[in-house]
Each structure stands twice: as C-alpha cells, then as structure tokens.
There are 2 protein chains.
Amino acid sequence: MSNDRVRPGRHLAAFSLLLLWEMPDHGLHLHRRINGVLPDGLQVDIGNLYRALRDLEVRGSVQSAWDTEGSGSARRIYRITADGHDELRGWSEDISKRRSAFDWFLGHWQALAESDGNVEARLHG
Amino acid sequence: MSNDRVRPGRHLAAFSLLLLWEMPDHGLHLHRRINGVLPDGLQVDIGNLYRALRDLEVRGSVQSAWDTEGSGSARRIYRITADGHDELRGWSEDISKRRSAFDWFLGHWQALAESDGNVEARLHG
DNA sequence: ATCATATATATGTAGTATACATATATAGTT
DNA sequence: AACTATATATGTATACTACATATATATGAT
C-alpha cells in the first residue's frame, strides 16, 4: 500500500500533494506555487497539472469542490485526503532514493571532471 | 548545445555515460555496475540499457566495437566520446536542478510530517 | 453594448521513457 | 547431445512530458 502507486517520473503528483497538504488550492494557483519552488528548466505544464489533479482524485488521494465565492471564474479547490497522505509517504521514500542516486552521480561527476581539469579550467580559466 | 539533448527521465543515459567515463564497458557488465550504485527500487532493466546504449551511439555520445578476445560470447564494448562528455555536462546540470527540487521536497515533507506527529509516532511509537 | 484581455479548467496529440516479456546466438559444462 | 550461462537484442503496453488548442466566465476599456 501507498508504495505500489509510486512510479518513475510522476513527480508532478508528489509536488502537488505536498503543496496541497500545506494549503488546499485550485489548479491555476497551485501551478504558480509549484513553479515557484521549481528551478528554471523544470517548470510544470499547466495542462499536465490539471490532468495530474484529476488522476489524483480518481485514485482518492485528493478531493475537489467548486468554489464560486469571491470574484472571478469558478475554481475547483483540491484538498489532500488520508489516502493522499499515504501516497505522499510513498513519494517521500521514492524521492529520497532518487536523491541518493543523484548525490552519487554528482559526486562522481565532479571528481572525474576535476581530475580531468574541466572544472579547474572553467573556474580559473 | 549539450543541453538540448537533456530531457526528463532519461537518466539511464546519464548514468551510462558517467560509468563509461570511469571505464569503457560492455552492456551486461555495465548493467551490473549501474545497478550496483542504484538503490533497490531504482534498478535498471537490461533491455532498456541496451536500447539506451544504441541511442547514445546514434547521437555520437559513445562508440562501440566488438571484443572477441578472451573467453565467452562476443561483447560490444562502449566508450564515451567527446560529444558524450558534452552531453554528460548537460546531464550534470539537469540532475543538479532535480536534486535541488528533491531537497526542497524532502525538507518540506519532513517539516510537515513532524508538525503532524507522523514522524514522531513512527520513530518513538 | 461590444471588444479585448485575464482567469480558470480543461482536451488533443506526438514523442519519449519505463517495465516486463520474449527472442537469438554463442560459449562452456556434463 | 543436452543444459546452462553469457551476451545482445526486440516486442509491447502503459505512462509521462511538451506543446498546442478549446471552452467558459469575468473584468476593463471605449
């Protein structure tokens, strides 16, 4: 449970769940929040975010309700569920592993680049 | 250049290039080396590795040659090229960004989990 | 009133990546 | 000759990403 949902690449779901835990939100604003924490080059596509949110709702990890209060177009507000917290725990384990792998990669890349003079050349050249 | 090849998910290419920089190798042995540095749950499929190596060769990032010396079946030995080093530099930038995003994710997840008592419950409960 | 723009939620689709299954050939062992 | 291990692949369904387009409502300008 929780972990059998975790598959490679689906980190849009992970970030969505985490930010919805911090605060329930609607798609477009969540999009700004996600892209606010992601670096350039990893920015999320709004269409894919809407799809990810619907998928999360289908599998019960979030619930949504229309919000017609206030001004502007109606917004669908998403909030995380108990199942969503389970899924999120699975994501944290998955992402922790990936970060370890990336640490290994970057450590070894730097070591090789330095021994090859590449980094020295770019830093001091 | 270098960076326009970097696309999400293709980290098999990144790890292959890095390990081939450390040492030229053939597919099956490279497979063992990659899985040796990757944690459980991120293990690489051998079929996908062979495909990744052919793709790398098509775009000029590695070169291969048959090795019929020694005992056993003939092996196709791959070695990284100058273009491969360029591609690898792009990967290191991409992976560095992803690690930052993962750092943010894990930091915030832990903070939320602690404030929610989840981690405390699992550690001391 | 009407036109343009912004907000908000979607769908269409091509290319790529991943997981899991299967195929083919050669070499070594009994 | 049969069996097993090594080595290199291909087949394929599903999923993810990027980029384009569609639809509806609300707001502001003229």
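Each chain gets a letter, A, B and so on, in the order the sequences are listed, and its residues count up from 1. On a predicted model such as this, the values are computed, not experimentally measured, just so you know.
- Taking atom CG of residue Asp67(A) and atom P of nucleotide dT25(D), one finds them 17 Å apart after rounding to whole Å.
- Atom NE2 of His108(A) is separated from atom CZ of Phe15(B) by 10.0 Å, given to the nearest 0.5 angstrom.
- Note: CG (Leu56(B)) to P (dA9(D)) measures 13 Å, nearest angstrom.
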Close N or O pairs between protein and nucleotides 2-6 of chain C (under 3.5 Å):
none

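- Nucleic acid contact class of Ala74(A) (heavy atoms, under 4.0 Å, all strands): sugar-phosphate only.
- Rounded to the nearest 0.5 angstrom, Phe105(A) CZ and Asp94(B) CG are separated by 9.0 Å.
- In this structure, Ile46(B) atom CD1 and dA9(D) atom C1' are separated by 10 Å, rounded to whole Å.
- With rounding to whole Å, Tyr50(A) atom OH is found 18 Å from dA18(D) atom P.
- Distance from the side chain of Leu12(A) is smallest for dT17(D) among the nucleotides dT9(C), dA7(D), dT17(D).
- Across residues 22-44 of chain A, His26(A), Gly27(A), Leu28(A), Arg32(A) each have a non-hydrogen atom less than 4.0 Å from an atom of DNA chain C (numbered order).
- Aromatic ring orientation, His11(B) versus Phe102(A): perpendicular (interplanar angle above 60°, classes split at 30° and 60°).
- Relative to the side chain of Tyr78(A), the nucleotides dA10(C), dT9(C), dA9(D) differ in distance, and dA10(C) lies closest.
- In this structure, a donor-acceptor pair under 3.5 Å is absent between the side chains of Gln63(B) and Thr81(B).
- Trp21(B) CH2 to Arg79(B) CZ: the interatomic distance, rounded to the nearest 0.5 Å, is 15.5 Å.
- What separates NE2 of His11(B) from P of dA19(C) is a distance of 13 Å, to the nearest Å.
- For Arg54(A) and dA10(C), the shortest distance from a side-chain N or O to OP1 or OP2 is below 4.0 Å.
- Residues that satisfy the side chain to side chain contact (heavy atoms under 4.5 Å, CB included) test with Asp67(A), not counting sequence neighbours, are Glu69(A), Arg75(A), Ile77(A).
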Review item, nucleotides 11-13 of chain D N/O atoms under 3.5 Å of protein N/O:
from    : atom 1 : to       : atom 2 : distance (Å)
dG11(D) : N7     : Arg51(B) : NH1    : 3.3
dG11(D) : O6     : Arg51(B) : NH2    : 2.5
dT12(D) : O4     : Arg51(B) : NH1    : 3.4

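- Checked by atom type and distance alone, the side chain of Ser100(A) pairs as donor or acceptor with a backbone atom of Ser96(A) at under 3.5 Å.
- If you take CG of Leu49(A) and C1' of dT11(C), they are 15 Å apart, rounded to a whole angstrom.
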Pairs of donor and acceptor atoms involving the side chains of residues 44-53 of chain A, under 3.5 Å and at least two apart or interchain, shall be tabulated with distances.
from     : atom 1 : to       : atom 2 : distance (Å)
Asp45(A) : OD2    : Gly47(A) : N      : 3.1
Asp45(A) : OD2    : Asn48(A) : N      : 3.0

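- Asp25(B) contributes atom CG, which lies 12.0 Å from atom NE2 of His31(B) (distance to the nearest 0.5 angstrom).
- Take Ala74(B) and apply the side chain to side chain contact (heavy atoms under 4.5 Å, CB included) test, not counting sequence neighbours, and it matches Trp66(B), Thr68(B).
- Lys97(B) places a side-chain N or O within donor-acceptor distance of the main-chain N or O of Asp40(A), the cut-off being under 3.5 Å.
- For Ile77(B) and dT6(D), the CD1 to C1' distance is 13 Å, given to the nearest whole Å.
- We find that CZ of Arg76(A) is positioned 16 Å from P of dA24(D), with the value rounded to whole Å.
- Residues Ser71(B) and Asp55(A) each lie close to DNA chain D; by heavy-atom proximity, the contact nearer the 5' end of the strand is made by Ser71(B).
- The line from CD1 of Ile95(B) to CG of Leu88(B) is 8.0 Å long, rounded to the nearest 0.5 Å.
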